[in-house]
Enquirer: 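Shown below is the structure under consideration.
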Amino acid sequence: MTTTLARPESASRTPAPRVRKRNRQGAACAVLMAPFFVLLVVVFLVPAGTALWLSFFGADEPGLGFGPEHTIFVGLRSYVAVLADPTFLNGLWVVALYCLLYLPLLVVASLGLALLLDSGAARLRAWARLALFLPHAVPGIIAAIIWLYLYIPGLSPVVDLFGRAGITIDFLGVHTVIPSMVNIALWSNLGYNVVVFYAALQAVPREVIEAAVVDGAGGVRSALWIKTPMIRASIVMVVLFTLIWSLQLFTEPMLLSQATPMITARFSPSMYIYDAAFTRNNYGLAAAASVILLACTIALSYGVTRWANRTRKVAA
């Protein structure tokens with residue numbers, strides 16, 4: 001004889017209102033996150049996957065180049081060709097030098113100006129922010145054209161002014177072409193990052209600053225030891241985004257190459273990719289170079305993020 005124990009009525013019931021609430025929250029999250037994932041797939045994953053796929057294929061022309069062209073699987077041959085090409089490796093060194101000059105100057109200058117605006121020492125702060133931000137509103141290609149005009153001898157009033165003072169400067173020479181590109185990037189992006197840092201500084205609790213002043217901290221010490229550590233997240237964000245943008249260096253050298261032989265068609269990795277795809281019609285090589293540049297970008301971004309997290313834990 002078997003007996004079945006009846007479960008209590010309360011245990012057999014499911015908390016329907018709680019389940020429905022959880023389902024509604026999940027549906028709301030899915031709706032809100034859907035645009036992000038759609039853009040991620042369309043803008044990043046599909047192009048990256050296509051480039052990875054194309055990098056394993058190449059064009060074969062039988063019959064000493066007179067036969068019909070066929071697409072064949074070449075494996076890692078394109079990657080080996082890119083990594084063995086001295087022009088691509090030289091482009092990586094150019095970008096590394098560009099980043100070593102541009103990143104510290106941008107971060108230090110924009111942070112210093114933001115701290116100056118936040119301190120109240122600057123008059124007409126709203127107009128100062130507007131004046132600093134206006135160059136960022138100019139498209140990058142227009143900014144490069146403006147500075148190209150200012151760099152060319154015979155056209156530039158700046159070069160003529162230096163010449164009258166007995167100073168000869170070749171802004172597009174072998175030792176000055178990279179600093180000239182850094183100058184264009186600083187002019188275009190300095191104001192934008194000043195606004196980013198200034199907005200972060202506005203979120204710093206005023207009572208913390210007042211307590212530091214009461215303890216005897218001056219303006220400089222408050223800026224360096226109180227305000228700056230409290231906007232560490234914004235500094236890391238600016239460094240990360242600027243690094244990603246710098247690795248894609250293309251507009252400035254492409255335009256300046258029209259006025260100086262110091263910039264070749266493969267001056268930077270992005271120019272190398274452009275030349276491989278649209279000049280040499282080697283899409284497999286261009287795709288392989290794109291994947292390598294993407295891998296370098298991801299690795300450096302990961303390294304910056306890990307370094308930022310480690311320094312934050314040490315500071316905590």
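Since we're looking at a predicted model, the values are computed, not measured.
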Enquirer: Could you list the donor-acceptor pairs under 3.5 angstrom formed between side-chain atoms of residues 82-89 and any protein atom two or more places apart in sequence or on another chain?
Expert:
from	atom 1	to	atom 2	distance (Å)
Asp85	OD1	Thr87	N	3.0
Asp85	OD1	Thr87	OG1	2.6
Asp85	OD2	Thr87	OG1	3.2
Asp85	OD2	Tyr272	OH	2.9

Enquirer: Could you tell me which non-hydrogen atom of Gln258 sits nearest to which non-hydrogen atom of Met254, and how far apart they are?
Expert: NE2-O, 3.5 Å
Enquirer: Strictly distance-based, threshold 3.5 Å: is any side-chain N or O of Thr260 a donor or acceptor partner for the main-chain N or O of Leu172?
Expert: yes
Enquirer: In Å, rounded to the nearest 0.5 Å, how long is the span from CG of Asp170 to CE of Met262?
Expert: 8.5 Å
Enquirer: Quick check: does any side chain N or O of Ser270 sit under 3.5 Å from a backbone N or O of Phe250, one acting as donor and the other as acceptor?
Expert: no
Enquirer: Got Ser180 and Glu252 here, is their nearest side-chain heavy-atom distance under 4.5 Å?
Expert: no
Enquirer: Please report, to 0.1 Å, the donor-acceptor pairs under 3.5 Å made by any side chain of residues 156-166, with sequence neighbours excluded.
Expert:
from	atom 1	to	atom 2	distance (Å)
Ser156	OG	Leu150	O	2.3
Ser156	OG	Val158	N	3.1
Ser156	OG	Val159	N	3.2

Enquirer: Can you see which heavy atom on Val107 is nearest to which on Phe197, and at what distance?
Expert: O-CE1, 4.1 Å
Enquirer: In the structure I gave you, are the side-chain heavy atoms of Ser257 and Phe267 within less than 4.5 Å of one another anywhere?
Expert: no
Enquirer: Can you check side-chain contact (heavy atoms from CB on, under 4.5 Å) on Ile263 and Met271, steps first, answer last?
Expert: CA-CA 10 Å; Ile263 301 178; Met271 292 181 67; 4.2 Å; yes
Enquirer: Counting C-beta onward and ignoring hydrogens, is there a side-chain heavy-atom pair between Tyr302 and Thr297 closer than 4.5 Å?
Expert: no
Enquirer: Considering residues, nucleotides and ligands other than Arg221, do more than 12 of their heavy atoms fall under 6.0 Å from its CZ?
Expert: no
Enquirer: Return yes if some donor-acceptor pair links the side-chain N/O of Thr279 with the main-chain N/O of Ala276 below 3.5 Å, else return no.
Expert: no
Enquirer: Between atom CG of Leu285 and atom CZ of Arg77, what is the distance when rounded to the nearest 0.5 Å?
Expert: 10.0 Å
Enquirer: Taking atom types as modelled and ignoring hydrogens, do the side chains of Asn193 and Tyr198 form a donor-acceptor contact shorter than 3.5 angstrom?
Expert: no
Enquirer: Rounded to the nearest 0.5 Å, how far does CG of Leu201 lie from CD1 of Ile231?
Expert: 4.0 Å
Enquirer: Check the hydrophobic clustering (I, L, V, M, F, W, Y; side-chain heavy atoms under 4.5 Å; chains of links allowed) and say if Leu45 and Met33 are grouped together.
Expert: yes
Enquirer: Is the Tyr79 ring parallel, tilted or perpendicular to the Phe56 ring (thresholds 30°, 60°)?
Expert: tilted
Enquirer: Enter the distance from Ile146:CD1 to Ile141:CD1 here, rounded to the nearest 0.5 Å.
Expert: 11.5 Å
Enquirer: Leu100, Leu243: one ILVMFWY side-chain cluster at the under-4.5 Å cut-off?
Expert: no
Enquirer: Looking only at heavy atoms, which two atoms of Leu293 and Leu247 are closest? And how far apart?
Expert: CD1-O, 3.8 Å
Enquirer: Can you confirm whether Trp245 sits close enough to Asn189 that some side-chain heavy atom of one is under 4.5 Å from a side-chain heavy atom of the other?
Expert: yes
Enquirer: Membership question, hydrophobic clusters at under 4.5 Å side-chain separation (ILVMFWY): are Ile244 and Ile292 in the same one?
Expert: no
Enquirer: So which atom in Ile273 and which in Ala289 form the shortest heavy-atom distance, rounded to 0.1 Å?
Expert: CG1-CB, 3.6 Å
Enquirer: For this output row, return yes or no: ring centroids of Tyr151 and Trp147 closer than 6.0 angstrom.
Expert: yes
Enquirer: Quick check: do Leu132 and Trp127 have side-chain heavy atoms less than 4.5 Å from each other?
Expert: no
Enquirer: Quick check for you: to the nearest 0.5 Å, what is the distance between Leu148 atom CG and Leu255 atom CG?
Expert: 7.0 Å
Enquirer: Got a sec: does the OH of Tyr192 have more than 12 other heavy atoms crowding it under 6.0 Å?
Expert: no
Enquirer: Following the transitive rule for hydrophobic clusters with a side-chain heavy-atom cut-off under 4.5 Å over Ile, Leu, Val, Met, Phe, Trp and Tyr, establish whether Val80 and Val74 coincide in one cluster.
Expert: no
Enquirer: May I ask you to test the Val46-Val42 pair for a side-chain heavy-atom distance under 4.5 Å?
Expert: no
Enquirer: Does any part of the side chain of Leu190, heavy atoms only, come nearer than 4.5 Å to the side chain of Leu113, both counted from C-beta?
Expert: yes
Enquirer: Under 3.5 Å, side chain of Ser55 to main-chain N/O of Leu52, donor-acceptor pair present?
Expert: yes
Enquirer: Looking at Tyr274, I want to see if its OH is surrounded by more than 12 non-hydrogen atoms of other residues, nucleotides or ligands under 6.0 Å.
Expert: no
Enquirer: Are the side chains of Trp187 and His136 in touch, meaning some heavy atoms are under 4.5 Å apart?
Expert: no
Enquirer: When rounded to the nearest 0.5 angstrom, what distance separates CG in Leu40 from CZ in Phe36?
Expert: 5.0 Å
Enquirer: Where do Leu224 and Pro229 come nearest, in terms of heavy atoms and distance?
Expert: O-CD, 3.4 Å
Enquirer: Would you please classify the geometry between the Tyr283 ring and the Phe278 ring as parallel, tilted or perpendicular, with 30° and 60° separating the classes?
Expert: perpendicular
Enquirer: Is atom CZ of Arg306 surrounded by more than 12 heavy atoms (other residues, nucleotides or ligands) closer than 6.0 Å?
Expert: no
Enquirer: Any chain of hydrophobic side-chain contacts (each under 4.5 Å) joining Leu92 to Met181?
Expert: no
Enquirer: Does Ser188 use its side chain to pair, donor to acceptor, with the backbone of Ala185 at less than 3.5 Å?
Expert: no
Enquirer: If I compare all heavy atoms of Leu249 with all of Ser268, which pair ends up nearest, and what's the gap?
Expert: O-OG, 2.7 Å
Enquirer: Atom CG of residue position Leu130 - does it have more than 12 heavy atoms of other residues, nucleotides or ligands inside 6.0 Å?
Expert: yes
Enquirer: Has Thr228 got a side-chain atom pairing as donor or acceptor with Trp225's backbone, closer than 3.5 angstrom?
Expert: no
